[in-house]
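As the structure is a prediction and not an experimental result, all values here were calculated from the model. First listed ligand is number 1; within each ligand, the first listed atom is number 1.
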Amino acid sequence: MSDQEYKDIANYLVAAEVEKREVVKVTANIKPDLSVEEAYLVQEELVNLKLDEGRRIVGPKMGLTSHAKMKQMGIAEPIYGYVFDYMLIENGGQVPLHELIHPKVEAEIAFVIGEDIEGPAVTGAQVLAKTKYVLPALEIIDSRYENFNFTLPDVIADNASTSRVVFGTTLKSPQQFELDLVGATLTINGEIKELGAGAAVLGHPAHSVAMLANMLARKGEKVKKGDVILTGGITSAVMLKYGDVVSGKFDGLGEVTFTVTD
Ligand code: 0L1
Ligand code: MG
């Protein structure tokens, strides 16, 4: 693929996000044989477009981290994307539907990185030693594709469906917890819709950050001090609608809430 082709696909996806409209997946007709490697190069163009607009990266995120999701997609490793500053919603804040396409929410544990972590061969124990804090989060994913219908390269190119994030306000040391055993519930309008434990994320959320560091190492990059990293859904993602009051409760880590407005 030429540099221009990568840029054209990135622009196609950014336009869909900005104009809040679904588009046909890239592999449907623009580039049917888009590979995973090419998809990450499209994602890189998309990230650069946002950086050129003055947006700031909060940190990378991991997606498709549950064994169930990986099996469903027929993949052996998760994917990553990037969270930007304009995607942040304060805890207890509002998520306006008119800014989004067809959002879904999932409960996640986030890591605040205290020291650079450079792969390959990073382990979960090394990640925990270099993590300053952990905190609860609700991620709002909003695939730019019609009906969330995509192949693996499509979703990688689309920045792993990243759209909005609500971080909790309490920072805890990772040493205080067995993060694989931390339970989380996702409640909407007072009804528990989904629940799970940290182990749903590759056995332990620290494994997710280790895998991210090892994946980034393939292109000479690393997890950086100061990155705030979403490790992947503990729960399945639930579709949002106007008026929803959403709460994620995480054992020992606290609660994260938001309301869906029009
Ligand atoms: O954060 C995630 O796990 C999202 C990955 C993309 C899959 C989706 O949009 O459902
Ligand atoms: Mg996620």
Item checked: Those atoms of ligand 1 less than 4.0 Å from some heavy atom in Ile141 -> 1 (O), 4 (C), 8 (C), 9 (O), 10 (O)

Check: Counting each atom of ligand 1 from 1 as listed, which ones have a heavy atom of Phe150 under 4.0 Å away?
Finding: 7 (C), 8 (C), 9 (O), 10 (O)

Notebook entry, point to check: Nearest protein heavy atom to atom 9 (O) of ligand 1, by residue and atom, and its distance?
Noted result: Ser161 OG, 2.6 Å

Note to self: Is the contact between Glu106 and ligand 1 made by the side chain, the backbone, both, or neither, using heavy atoms and a 4.0 Å cut-off?
What the structure shows: side chain

Notebook entry, point to check: Which of the atoms of ligand 1 are close to Lys61, meaning less than 4.0 Å from one of its heavy atoms?
Noted result: 1 (O), 2 (C), 4 (C)

Margin query: Regarding Thr185 and Glu194, do their side chains bring together a donor and an acceptor under 3.5 Å, going by distance alone?
Written below: no

Margin query: Against ligand 1, does Ala237 come closer than 4.0 Å with any heavy atom?
Written below: no

Notebook entry, point to check: Is Lys104 salt-bridged to Glu106, cutoff N-O under 4.0 Å?
Noted result: no

Item checked: Lys69: numbered ligand 1 atoms lying under 4.0 Å from its heavy atoms -> 10 (O)

Check: Between OE2 of Glu108 and OE2 of Glu106, what angle is found at the Mg ion (ligand 2), rounded to 10 degrees?
Finding: 90°

Notebook entry, point to check: Any salt bridge between Lys222 and Asp116, counting N to O under 4.0 Å?
Noted result: yes

Check: Quick one: which ligand 1 atoms are inside 4.0 Å of a heavy atom on Gly63?
Finding: 1 (O), 2 (C), 3 (O)

Notebook entry, point to check: Looking at ligand 1, does any of its N/O atoms fall within less than 3.5 Å of an N/O of Ser143?
Noted result: no

Next item on the list: Assess whether atom CD of Glu19 is packed by more than 12 heavy atoms of other residues, nucleotides or ligands within 6.0 Å.
Entry: yes

Check: For ligand 1, does Leu64 get within less than 4.0 Å through its side chain, its backbone, both, or neither, judged by non-hydrogen atoms?
Finding: both

Check: Taking the N/O/S atoms of Glu139 one by one, which is nearest to the Mg ion (ligand 2)?
Finding: OE1

Next item on the list: Using a strict cut-off of less than 4.0 Å between a Lys/Arg side-chain nitrogen and an Asp/Glu carboxylate oxygen, indicate whether Arg164 and Glu99 qualify as a salt bridge.
Entry: yes

Next item on the list: Look at ligand 1 and say whether Lys104 reaches it with a heavy atom at a distance under 4.0 Å.
Entry: no

Check: If you measure from the Lys or Arg side-chain nitrogens to the Asp or Glu carboxylate oxygens, is any gap between Arg144 and Asp142 under 4.0 Å?
Finding: no

Notebook entry, point to check: Got a salt bridge between Lys31 and Glu5, using NZ or NE/NH1/NH2 to carboxylate O under 4.0 Å?
Noted result: no

Check: In terms of atom number and element, which parts of ligand 1 are under 4.0 angstrom from non-hydrogen atoms of Ala160?
Finding: 4 (C), 5 (C), 6 (C)

Item checked: Distance under 6.0 Å and angle within 45° of ring axis: Arg55 vs Tyr86 -> yes

Next item on the list: Can you establish whether the number of heavy atoms outside Lys20 located under 6.0 Å from its atom NZ is more than 12?
Entry: yes

Next item on the list: Using a strict 4.0 Å threshold on nitrogen-to-oxygen distance, state whether Glu17 and Lys50 make a salt bridge.
Entry: yes

Checklist line | Numbering as shown, the atoms of ligand 1 that approach Val155 to under 4.0 Å (heavy-atom distance) | finding: 6 (C)

